[in-house]
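Since the structure is predicted, the reported quantities are computational estimates derived from the model, not experimental observations.
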Amino acid sequence: MPLLPSRAAIALGMAALVYASMPTMAVPQEPDTKQSAPTEMLAMRNTRPPNCSVTLPADGSFTPPSPFPNDPELWHLSWGLPPPPGSRRFWFGTERLWTVLPANGTWSNEWGDPACAGYCNKMPWFALSNDEGPLTITGKRLDGPSLSFTEFEAIDGFGRTSTGVEEVMGGIIIPASGCWQVTGHFRDQELSFTVWVAPIPQNQRPPDNPPEDARPATLGGLALPAGPVSVDGEVEAKRIWYRLTPEIPPIAKLANVSGTVVLHAIIGGDDGVPRKLQYVSGPQILVRAAMDAVKLWRYQVDGGTDIDTTIEVVFPSSDD
């Protein structure tokens with residue numbers, strides 16, 4: 001009489017069969033940007049899609065108060081700035097809060113930081129106010145992964161004109177190409193616009209993995225201080241002026257993983273860039289997403305002294 005398998009053996013065999021028939025969960029991989037693409041695909045990628053409704057002069061070109069010229073190109077020339085490549089610009093906003101936008105609704109990195117993966121450049125803002133306070137700039141991508149950022153610019157009276165208008169020459173960092181909605185907030189004023197950030201040509205993209213310590217040994221011909229200065233993480237957090245919101249990995253979303261990832265970092269004293277990131281604590285499944293975001297954060301700098309500190313990256317739960 002043949003031996004019959006036990007119930008446990010049958011159950012184990014059935015579980016193995018079910019497991020083998022399940023689809024394999026692929027590990028997310030970064031796209032291979034080194035593969036060559038047909039000319040038609042590149043041209044398509046560089047063309048603004050019709051569903052990206054960018055802000056154009058027809059949507060409300062603004063005439064600023066005197067002594068500002070009607071043509072923003074003249075204002076730029078008064079600052080000694082060269083004319084921009086490609087499109088001309090126009091004033092956009094209200095008499096309480098306005099800025100300068102490209103007339104074709106497109107930002108391209110022809111003029112910006114060569115190490116930028118999207119668009120990085122100077123950006124002027126103007127506010128009619130006698131009050132001081134932060135100008136908060138937020139951005140979110142409308143046509144792809146839910147990337148978003150928050151930026152803080154100080155309005156403190158140093159750029160105030162005789163007419164009471166604050167001029168803030170801030171910076172703008174868009175972390176990826178695509179259709180972006182950008183909003184400026186100051187006191188009770190809010191100004192939103194949409195721009196298309198053109199992809200950077202393949203041969204002009206920054207290296208995929210730049211060296212962590214790729215920074216100059218001198219600044220303005222002067223040697224930088226030899227060692228970093230330790231600063232408490234909560235204190236240094238008050239000096240953030242640009243913060244990219246981390247993307248939660250799909251597998252972490254599925255498992256509803258949340259929490260705070262703590263990283264050790266060296267903040268470059270010459271550029272405010274976090275480097276030499278090391279994991280300290282928090283859910284390990286979120287570490288890579290935290291590091292990818294923090295690499296694009298920017299801190300206020302003074303004196304060219306590196307800062308040794310910790311950075312907390314908060315991942316809220318899906319219920320929040």
Tell me whether the rings of Phe193 and Trp107 are parallel (<30°), tilted (30 to 60°) or perpendicular (>60°).
perpendicular

How long is the gap from CH2 on Trp241 to CD1 on Ile173, to the nearest 0.5 Å?
4.0 Å

Determine whether Asp271 and Tyr299 satisfy the following criterion, side chain to side chain contact (heavy atoms under 4.5 Å, CB included), listing intermediate values before the conclusion.
CA-CA 8 Å; Asp271 55 13; Tyr299 289 74; over 6 Å; no

Looking at Asp306, Thr305, Thr309, which one forms a side chain to side chain contact (heavy atoms under 4.5 Å, CB included) with Pro228?
Asp306

Between Leu101 and Leu56, is any pair of side-chain heavy atoms under 4.5 Å apart?
no

Knowing that exactly one of Leu263, Val261, Ile311 qualifies, which makes a side chain to side chain contact (heavy atoms under 4.5 Å, CB included) with Met291?
Leu263

Any sub-3.5 Å donor-acceptor pair from Trp125's side-chain atoms to Leu97's backbone N or O?
no

Can you confirm whether Ile172 sits close enough to Ile137 that some side-chain heavy atom of one is under 4.5 Å from a side-chain heavy atom of the other?
yes

Is there side-chain contact between Glu151 and Thr136, with at least one heavy-atom pair below 4.5 Å?
no

Please determine if Asp71 and Arg88 form a salt bridge, counting it only when a charged side-chain N lies under 4.0 Å from a carboxylate O.
yes

Among the clusters formed by ILVMFWY side chains lying less than 4.5 Å apart, do Leu277 and Val301 turn up in the same one?
no

Less than 4.5 Å apart, side chain to side chain, heavy atoms only: is that true for Ile307 and Ile266?
no

Heavy-atom side-chain contact between Phe126 and Val168 under 4.5 Å:
no

dist Asp232:CG -> Asp308:CG (nearest 0.5 Å) comes out at 11.5 Å

Enter the distance from Glu234:CD to Thr310:OG1 here, rounded to the nearest 0.5 Å.
8.5 Å

Measure across Pro175 and Leu244 and return the closest heavy-atom pair with its distance rounded to 0.1 Å.
CG-CD1, 3.6 Å

Nearest heavy-atom neighbours spanning Gly259 and Pro283:
CA-CG, 4.4 Å

Does a donor on one side chain and an acceptor on the other come within less than 3.5 Å for Ser148 and Thr245?
yes

For Glu95, look at atom CD and say whether over 12 heavy atoms of other residues, nucleotides or ligands are found less than 6.0 Å away.
no

Leu286 side chain reached by Pro249 side chain, heavy atoms, under 4.5 Å
yes

Parallel, tilted or perpendicular, as decided by the 30° and 60° cut-offs, for the rings of Phe92 and Phe90:
perpendicular

Between Gln181 (side chain) and Ser192 (backbone), is there a donor-acceptor pair under 3.5 Å?
no

SG on Cys52 to CH2 on Trp180, rounded to 0.5 Å
11.5 Å

Check whether any side-chain heavy atom of Val273 sits under 4.5 Å from a side-chain heavy atom of Arg298, and report yes or no.
yes

Parallel, tilted or perpendicular, judged at 30° and 60°: which one describes the rings of Trp91 and Phe68?
perpendicular

Please tell me whether Val235 and Tyr242 are part of a single hydrophobic cluster in this structure, the criterion being side-chain heavy atoms less than 4.5 Å apart.
yes

If I compare all heavy atoms of Pro145 with all of Glu247, which pair ends up nearest, and what's the gap?
CB-OE1, 3.3 Å

Under 3.5 Å, is there a donor-acceptor pair between the side chain of Asn256 and the main chain of Lys253?
no

If every non-hydrogen atom of Gly105 is compared with every non-hydrogen atom of Val54, which pair is closest and at what distance?
O-CG1, 3.5 Å

Should Leu147 and Ile248 be counted in the same cluster of Ile, Leu, Val, Met, Phe, Trp and Tyr side chains packed under 4.5 Å apart?
yes

For the CG atom of Leu296 and the CD1 atom of Ile174, what is their distance to the nearest 0.5 Å?
11.5 Å

Is it true that a side-chain atom of Thr99 and a backbone atom of Pro124 form a donor plus acceptor pair closer than 3.5 Å?
yes

Give a yes-or-no answer on whether the side chains of Ser258 and Ser317 include a donor-acceptor pair shorter than 3.5 Å.
no

With side chain to side chain contact (heavy atoms under 4.5 Å, CB included) as the test, would you mind laying out the steps for Phe149 and Thr138 before giving the verdict?
CA-CA 6 Å; Phe149 65 83; Thr138 59; 5.9 Å; no

Test of understanding: clusters of I, L, V, M, F, W, Y form through side-chain heavy atoms closer than 4.5 Å, transitively. Do Val100 and Met169 belong to the same one?
yes

Chi angles and distances behind the side chain to side chain contact (heavy atoms under 4.5 Å, CB included) call for Val195, Thr55:
CA-CA 6 Å; Val195 291; Thr55 303; over 6 Å; no

Side chains of Ile285 and Ile251: closer than 4.5 Å at any heavy-atom pair?
yes

Mind running side chain to side chain contact (heavy atoms under 4.5 Å, CB included) on Val165 and Trp98 for me, showing each step along the way?
CA-CA 10 Å; Val165 174; Trp98 74 92; 3.7 Å; yes

With a 4.5 Å cut-off on side-chain heavy-atom distances among I, L, V, M, F, W and Y, is there a chain of contacts connecting Val280 to Ile267?
no

Please answer whether the main-chain N or O of Gly304 pairs with a side-chain N or O of Asp270 as donor and acceptor at a distance below 3.5 Å.
no

Closest non-hydrogen contact found for Trp196 with Pro199 is CZ2-CD, 4.1 Å

Hey, could you give me the CD/OG1 distance between Glu190 and Thr94, rounded to the nearest 0.5 Å?
11.0 Å

What heavy-atom pair brings Pro69 and Pro64 nearest, and what distance separates the two atoms?
O-CG, 3.7 Å

Would you sort out whether Asp188 and Arg96 count as a salt bridge (charged side-chain N to carboxylate O under 4.0 Å, His left out), showing the intermediate values?
CA-CA 10 Å; Asp188 59 342; Arg96 300 286 302 280; 3.6 Å; yes

When you measure from the side chain of Arg239 to the backbone of Gln300, do you find a donor-acceptor pair of N or O atoms at a distance under 3.5 Å?
yes

